Amino acid sequence: MAKAVEEELQLSTSSPEQRRRYDLLMAGLDLLDQAIAVFDASPKLVTWNKALLRLLDFPESLVRVGTPFEAFVRFNAERGEYGEGDIEKLVAARMASARAFEPHYVERVRPNGQVLAVRGVPIPNLGFVSLWTDVTEQRRAEAVIQEQNARLEARVRERTAELEQANREIDQIAEALRLSEGRMRLILDAIPAMIAHVDAGRRYRFANRAYAEWFGLTKENIVGRSIAEVFGDDAYTTIKPFLEDAEHGERVNYEYARKNADGRLVHARSAVVPDVSVEGGFRGYFVMSIDITEQKASQAALVQAQKMEAVGQLTGGLAHDFNNLLTIIIGNLSALQGKLAGGEGSDYVDPSLQAARGGAELIRRLLTFSRRQMLEPTAVEVGELVRNMTQLLVRTLGETIAVHLQLPEMPIYALADPHQLENAILNLAINARDAMPEGGELTIAVQLRRVDGALAKIGEVVPGDYVQFDVSDTGKGIEPAVLARVFEPFFTTKPFGGGSGLGLSMVYGFVRQSGGNIRILSTPGKGTNVRFVLPETRPLEQAPLAASRQDAPAAALQGPILLVEDEPEVRKVVRMQLTALGHAVIEAGDGVEALALLESIDDIAVLISDTVMPGGLNGHELAQRARALRPALPILLVTGYASEQPVSDDAVADVPVLRKPFDPPALAAALASLTLTDPTTEPSAP
């Protein structure tokens, strides 16, 4: 109380400019949405803002200079703000915490459901400041985000928490406005939020350290500069309409982007509060800004992931139907091709069969970029793989493009599907060729890379050792607007018919599915660098050389093949292929019918079944029942889906799967691998 009287006496003897500044600071406190209260060391109430009454529902009779802190605590306890329990114990616990004069932050849910963020900040040797913030809507929004995307929400929550922390530190500025100007500047410089004051002529009169450094300046040399000079023409054009609104007395919020000294695009969100005198004259505005560059990056990653997931779901669902259609087309065309044997009409069949196989390849590419393609990762010696591709790359790129390799002297191994890795490098090389129509240089570099800590978090990979690939060209580069979309499916800058827009999307899908990440740096007119990392692994142990199973002849079957397929046309094509291979065939339209045939026909030699069928018994379940009936029966599963659910039953976990579409040679090879040996043959009795 004595401190308040002393301050009033000081205020009464201060100059008009000091009184105006004090009034301005107190008015600014009352404009805040947060409730603020300052207590002395007693502790007793010294000062507060209007939000204290509005936000905490305290009666006006209670909120006055000199009210003990314990009176507020007891009032809250008696009306149930702290929940059930002995009121004296509740009051004593909170008073003990208050008298400790330690910084604290808690969130409290009021009986009406309102969520308050409560922060206490000690003022050394003087008292403490309490700040209440209504975060009800904010918590409700966070809950919605958690329901939408649990995985990405963790990163968004981290970014949101950082922004909330910045907002709370901005609010601490408002709490410190009643202190001296020197102490206020000290606090302003200690927080990461960006604070500035601009006069009516749009020139800076004050900026804290964070604000000045965000523009590459110091606190001293930013003062006196105009907003246009500090922001630059492009950014200033963006924010100018908002400044005009603020000059008419409106409180405005906006976002803007600018390039920093390193040429990197950074984003900020700003709130501008007009500085209006008591007489109503406009004197400038207060600016509070937050760097939201990381938040923008998280949002962009979320949008990209949602696009990839949407197209991936569509692709995965259509793959089964397309693969069934292509199985019918390829099977019939292969049979017709065999009958024509290069005779009349083969000129029509051959391109049709080639086009159908091209369709199958397109489905595989779609599944690759949507990360639904079944990969076969193994330990790949990347130096050897890149060297072996050089001849192909030289022929593909042409004589006007020089290819340079920067490969490690010692072998290093990446855990990846070698075929997909070759496709990825080839796609990047073709893109580089298209960017260098007049010729240039393509460089492929490979090296080991350790990814830890913040870098692993930013790259969304597990910390550890990786193999880094750099594919660089000296081409025309990529414009920033285009660079932001290069991984989008079906997006292409090539003329109509010149590209499908799946090349980089496929590379992106392959790298992410393999446990790595990819990024592109490009400067228009100077070239492009594509860098991606794949997990490093140990080389596989070399097994003793054995005779190739594919070269061995198929064992003669001593009975018919049971073919199970619910699609009649697909069943017809496969039956035709099996018959052409010299096998007798028994057909079933679903698993239930097939199981009945297995139980009644003893001499069935091989079971070939689709995996997904109606009737309550799918291919995996049929295989389990068949193994229970006949442990020695060879089984081959056929599927048109992008991926299959893992089989938990060890009895059928090793059953091979033939993926649609397939041609007669692929079917013959699958049968040969089944009939070369009988894995269930038992040794003869001694």
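The shown structure was predicted, so the numbers you read here are calculated from the model rather than taken from an experiment.
With contacts defined as side-chain heavy-atom distances shorter than 4.5 Å, the pair Leu45/Phe69 does not qualify. When side chains are defined from C-beta on, Leu55 does not count as touching Gln34, because their heavy atoms never get closer than 4.5 Å. In this structure, the side chains of Ser289 and Val287 come closer than 4.5 Å at one or more pairs of heavy atoms. You'll find the side chain of Val198 stays beyond 4.5 Å of the side chain of Phe206, heavy atoms only. At a threshold of 4.5 Å between non-hydrogen side-chain atoms, the residues Ile520 and Asn529 do not count as touching. Taking the side chain as every heavy atom from C-beta outward, Leu29 and Leu32 approach each other to under 4.5 Å.
A donor-acceptor contact closer than 3.5 angstrom is absent between the side chains of Tyr82 and Arg110. Side-chain contact check for Asp234 and Thr237: no donor-acceptor pair (N or O, by modelled atom type) lies under 3.5 Å. For Arg531 and Asn517, the side-chain atoms include no donor-acceptor pair closer than 3.5 Å. Judged by distance alone, the side chains of Asp470 and Ser472 never bring a donor and an acceptor atom under 3.5 Å apart. Counted by atom type alone, Asp275 and His197 present one or more donor-acceptor pairs between their side chains at under 3.5 Å.
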Exercise. Does the pair Phe286 and Ile195 meet the rule for a side-chain contact (heavy atoms from CB on, under 4.5 Å), with working shown?
Worked result: CA-CA 8 Å; Phe286 300 99; Ile195 309 297; over 6 Å; no
Problem set entry | Stepwise ring pair (Phe, Tyr, Trp, His ring centres under 6.0 Å) test for Tyr204 and Tyr211 | CA-CA 11 Å; Tyr204 288 95; Tyr211 193 98; 5.5 Å; yes
For this session: Under the salt bridge (Lys or Arg N to Asp or Glu O under 4.0 Å) rule, what do Glu460 and Arg512 come out as? Steps first, then yes or no, please.
Result: CA-CA 9 Å; Glu460 297 180 321; Arg512 295 296 286 151; 3.4 Å; yes
For this session: Mind running salt bridge (Lys or Arg N to Asp or Glu O under 4.0 Å) on Glu88 and Arg74 for me, showing each step along the way?
Result: CA-CA 8 Å; Glu88 295 301 326; Arg74 185 173 299 278; 2.8 Å; yes
For this session: Start with the C-alpha gap between Tyr285 and Val273, add the side-chain angles, then the distance that decides, and say whether side-chain contact (heavy atoms from CB on, under 4.5 Å) holds.
Result: CA-CA 5 Å; Tyr285 20 68; Val273 180; over 6 Å; no
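Ion pairing of Glu213 with Lys219 is absent here, as no side-chain N (NZ or NE/NH1/NH2) approaches a carboxylate O to less than 4.0 Å. With respect to Glu536 and Arg449, no salt bridge is recorded, no charged nitrogen being found less than 4.0 Å from a carboxylate O.
No donor-acceptor distance shorter than 3.5 angstrom exists from the side chain of Asp199 to the backbone of Gly284, with no hydrogens or angles considered. A donor-acceptor pair is defined here as one N or O able to donate and one able to accept, closer than 3.5 Å; such a pair exists between the side chain of Thr293 and the backbone of His267. A donor-acceptor pair under 3.5 Å links the side-chain atoms of Thr67 to the main chain of Leu62, judged by distance alone. Looking only at distances, no side-chain donor or acceptor of Ser130 sits under 3.5 Å from a matching main-chain atom of Ala37. The main-chain N or O of Thr528 is never found under 3.5 Å from a side-chain atom of Thr523 such that the two would form a donor-acceptor pair.
To the nearest 0.5 Å, the span separating CD1 on Ile239 from CZ on Phe231 amounts to 4.0 Å. One distance of note links CZ of Arg108 with CH2 of Trp132; it measures 8.5 Å at 0.5 Å rounding. Rounded to the nearest 0.5 angstrom, Asp40 CG and Leu126 CG are separated by 9.5 Å. The CD1 atom of Ile292 lies 3.5 Å from the CD atom of Glu255; values are rounded to the nearest 0.5 Å.
Outside the 6.0 Å centre-distance limit, the rings of Phe242 and Tyr256 are not counted as a close aromatic pair.
Atom CZ of Arg519 sits in a crowded spot, with more than 12 heavy atoms from other residues, nucleotides or ligands closer than 6.0 Å. Environment of CD in Glu84: sparse, with no more than 12 heavy atoms of neighbouring residues, nucleotides or ligands closer than 6.0 Å.
Geometric assessment of Arg258 against the ring of Trp214 yields a positive cation-pi assignment under the 6.0 Å and 45° thresholds.
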